[in-house]
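The block underneath contains the structure these notes are about, expressed in structure tokens.
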Amino acid sequence: MKVTDITLIGAMLGIAQASPVATLADITDVNILNYALTLEHLEATFYEEGLNNYTREDFVKAGFKDPFYANLQEVASDEKTHVAFLTQALSDLP
Ligand SMILES: *[C@@H]1O[C@H](CO)[C@@H](O)[C@H](O)[C@H]1NC(C)=O
């Protein structure tokens, strides 16, 4: 078997270009903060939508006793704070 045959077989198996997309050295603080910000946006949106979609009475009828709804409102507020904090941290970077 020739080297070119081995290369061709490797290419067919998808291992000829098997290298990581990013190495640890490529990951920056900005990448990490942006990833965290994306997750916080998802969480903030989830809680905001949930609170817009359902009332306190809906939760009580579903068996969630007080202060469950108030706790969700607090979590929603915390998630918005996390979004604001990370957005500010990213804009403060040199
Ligand atoms: C809120 O309601 C909208 C419209 O029906 C829906 O698309 C969304 O998934 C709901 N979100 C939550 C968290 O209940």
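Only a predicted model underlies this, so the values are computations on that prediction, with no experimental measurement involved.
- Grouped by direct or indirect side-chain proximity (heavy atoms under 4.5 Å, Ile/Leu/Val/Met/Phe/Trp/Tyr only), Ile32 sits with Leu24, Ile27.
- With sequence neighbours excluded, the residues forming a ring pair (Phe, Tyr, Trp, His ring centres under 6.0 Å) with Tyr69 are Phe59, listed by chain and number.
- Contact between Leu86 and Glu40 at its shortest, heavy atoms only, is CD1-CG, 3.6 Å.
- By the side chain to side chain donor-acceptor pair (under 3.5 Å) test, Asn52 is found to be paired with no residue, residues two or more places apart in sequence or in another chain being considered.
- Applying the salt bridge (Lys or Arg N to Asp or Glu O under 4.0 Å) test to every pair with at least one member in residues 22-37, sequence neighbours left out, gives no pairs at all.
- Both Tyr54 and Phe46 are members of a single hydrophobic cluster when ILVMFWY side chains are connected at heavy-atom separations under 4.5 Å.
- As a member of the Ile/Leu/Val/Met/Phe/Trp/Tyr network built from side-chain separations under 4.5 Å, Leu42 groups with Tyr35, Leu39.
- Judged as a side chain to side chain donor-acceptor pair (under 3.5 Å), and not counting sequence neighbours, the contacts of Asp66 are Arg56.
- In terms of the side chain to side chain donor-acceptor pair (under 3.5 Å) criterion, residue partners of Glu79 (sequence neighbours excluded) are, by chain and number, His82.
- Applying the side chain to side chain donor-acceptor pair (under 3.5 Å) criterion to Asn31, with sequence neighbours excluded, gives Thr28.
- Residues passing the side-chain contact (heavy atoms from CB on, under 4.5 Å) test with Gln88 are Ser91, Asp92, sequence neighbours excluded.
- Every residue meeting the side-chain contact (heavy atoms from CB on, under 4.5 Å) condition with Thr45, not counting sequence neighbours, appears here in chain and number order: Glu49.
- The hydrophobic cluster analysis finds Val60 isolated: no Ile, Leu, Val, Met, Phe, Trp or Tyr side chain comes under 4.5 Å of it, directly or through other members.
- The backbone N or O of Val75 lies less than 3.5 Å from no partner atom in the side chain of Asp78, so there is not a single donor-acceptor pair.
- A search for side-chain contact (heavy atoms from CB on, under 4.5 Å) contacts involving Phe85 returns nothing, not counting sequence neighbours.
- Contact detail for Leu51 and Gln73: the closest heavy-atom pair is CD1-CA, 3.8 Å.
- Between Leu90 atom CG and Asn34 atom CG the span is 5.0 Å, to the nearest 0.5 Å.
- A distance of 6.0 Å separates CG in Leu33 from CG in Leu93, rounded to the nearest 0.5 Å.
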